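The structure under discussion appears below in the form of structure tokens.
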2 protein chains.
Amino acid sequence: MAAERNGGNDNSKTRDAILDATESIMREQGYAAVSSRRVAEQAGLKSQLVHYHFGTMDDLFLALFQRAGAAYFERHVQAMTSDDPLRALWELITDRTGMELIFEFMALSNHRKPIRAEMARSNQRTRTLQAALLTKALEQRGITPDVCPANVLSVLMSGVALALVSENAIGNSIGHADTLSFVERLMQKTTPPRVAGKTGARGRPRKR
Amino acid sequence: MAAERNGGNDNSKTRDAILDATESIMREQGYAAVSSRRVAEQAGLKSQLVHYHFGTMDDLFLALFQRAGAAYFERHVQAMTSDDPLRALWELITDRTGMELIFEFMALSNHRKPIRAEMARSNQRTRTLQAALLTKALEQRGITPDVCPANVLSVLMSGVALALVSENAIGNSIGHADTLSFVERLMQKTTPPRVAGKTGARGRPRKR
DNA sequence: GTCTATAGGCCGATAGAC
DNA sequence: GTCTATCGGCCTATAGAC
């Protein structure tokens with residue numbers, strides 16, 4: 001073990017290239033396909049550099065997860081400041097490219113303790129932020145929380161989005177179009193009051 | 001490649017032992033930990049027997065998935081004939097031990113075409129059966145399908161269950177208790193009419 | 001159907017030169 | 001920070017004896 005693993009202040013291009021390559025392999029071939037040699041090849045480097053910059057492979061996974069988790073959290077923050085936070089959140093969590101990396105980490109973390117711990121922290125942070133966002137959104141739409149509490153709505157929405165994205169990845173879309181228009185109808189039934197001259201809250205068409 | 005791979009009519013103890021060992025490793029250490037050597041060790045056999053009986057490792061995964069998928073489908077069929085199909089389905093899909101293997105296969109299948117194809121088939125079959133079950137359950141409870149179509153409800157329930165189980169595995173339970181009692185309340189609000197002298201449809205207590 | 005033996009390959013990780 | 005070289009290990013899969 002050399003004298004690195006310095007958390008993030010070694011922001012060299014090499015480090016980023018390694019993380020980029022790891023992310024790309026995870027997305028396209030799954031976490032099980034990540035090896036120091038493959039990562040290095042993808043990044044145009046020698047495999048030893050992976051170990052030099054990140055230590056063990058688990059350390060590499062952890063570093064990538066921290067980067068991805070922070071980016072995902074940032075997207076939530078942006079959704080929160082959107083004109084229509086509810087719709088912005090829904091679009092965020094049903095975005096397949098955003099979810100596929102997280103799905104890989106979920107599977108990976110199920111059997112690696114240190115990654116699981118980080119995953120739990122990130123997931124809790126996201127849930128808390130989602131609940132705050134939804135509290136605001138429900139209030140904006142004049143829905144009292146006794147109909148459905150914000151934290152419950154967060155679990156419901158996350159779950160449905162997870163089902164849609166993961167089943168879609170597998171190749172089953174039975175009921176998906178109906179579910180999307182069902183959600184669309186729920187959101188339109190409670191359109192927030194327009195505040196300014198912007199028109200960002202109208203729904204886009206969905207095929208049945 | 002020898003002269004085996006005979007689908008299932010070679011129902012030797014060895015074959016079952018290999019499948020059992022594979023399932024056990026997948027559950028406890030994840031699909032990436034499955035190797036012919038480890039499977040054989042767990043089953044008390046030589047690793048070459050794995051190849052003799054199943055061919056490639058992908059063939060082994062496929063055989064196990066077929067067995068597990070059939071068992072899971074069978075549990076759905078049993079739920080369908082229950083006194084309270086809606087509750088039986090909910091208990092089935094929120095059962096962690098039932099889901100963890102499926103979750104591994106979902107992750108695995110994302111990057112292996114033949115397994116993905118089988119997964120899609122199984123998932124479609126399950127969705128169709130769930131929709132039939134829910135059609136019956138909604139009717140039984142006097143809910144018209146225009147409130148929420150059965151196939152949509154199937155996606156919603158599957159998703160929420162998936163979120164609960166997978167987040168629980170990670171170690172985040174924020175909002176879960178509230179979600180469970182939310183679902184419980186929905187189910188109790190629409191208790192099916194009792195048909196016989198049995199009392200299987202009352203809810204069991206949930207902590208908030 | 002189970003055994004021994006083995007080919008051929010990818011893996012993580014480290015040592016030490018520059 | 002990057003290079004060359006390398007150790008020791010586990011992997012899939014097959015050949016051939018019994």
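Note that the coordinates shown come from a computational prediction; the quantities given were computed from them, not determined experimentally.
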Nearest-angstrom distance from the residue atom [atom1] of [X] to [atom2] of [N]:
X: A:Glu41; N: C:dG12; atom1: CD; atom2: P; answer: 13 Å
X: A:Leu49; N: C:dA13; atom1: CG; atom2: P; answer: 15 Å
X: B:Met57; N: D:dA13; atom1: CE; atom2: C1'; answer: 11 Å
X: A:His53; N: C:dA13; atom1: NE2; atom2: C1'; answer: 16 Å
X: A:Lys46; N: C:dC10; atom1: NZ; atom2: C1'; answer: 16 Å
X: B:Phe54; N: C:dG1; atom1: CZ; atom2: C1'; answer: 14 Å
X: B:Leu60; N: D:dA13; atom1: CG; atom2: C1'; answer: 14 Å
X: A:His51; N: D:dG1; atom1: NE2; atom2: P; answer: 18 Å

B:Asp84 with B:Arg141: basic N within carboxylate O range, under 4.0 Å: yes
Separation between CD of B:Glu118 and CZ of B:Phe105, rounded to the nearest 0.5 Å: 10.5 Å
Reported SG-to-CZ distance for the pair A:Cys148 and B:Arg185, which is rounded to 0.5 angstrom: 9.5 Å
Residues from residues 17-32 of chain B lying under 4.0 Å of DNA chain D - heavy atoms: none
C:dC11 OP1/OP2 closer than 4.0 Å to side-chain N/O of A:Ser35: yes
Any A:Arg38 side-chain nitrogen or oxygen under 4.0 Å from OP1 or OP2 of C:dC11: yes
Short side-chain donor-acceptor distance under 3.5 Å, B:Ser154 and B:Asn151: no
Donor on one side chain, acceptor on other, B:Glu104 and A:His111, under 3.5 Å: yes
Side-chain heavy atoms of B:Ile93 within contact of B:Val165, under 4.5 Å: no
Side chain of B:Tyr52 (C-beta onward), nearest among D:dC11, C:dG1, D:dA13: C:dG1
5′-ward residue of the pair B:Thr14/A:Arg37 relative to DNA chain C: B:Thr14
Residue whose nearest DNA chain C nucleotide is more 5′ - B:Gln48 or A:Gln48: B:Gln48
Summary of salt bridge (Lys or Arg N to Asp or Glu O under 4.0 Å) pairs that have at least one residue in residues 63-82 of chain A, sequence neighbours excluded: A:Asp20-A:Arg67, A:Glu23-A:Arg67, A:Arg75-A:Asp95
Touch class at under 4.0 angstrom, heavy-atom based, for A:Ser47 against every strand present: nothing
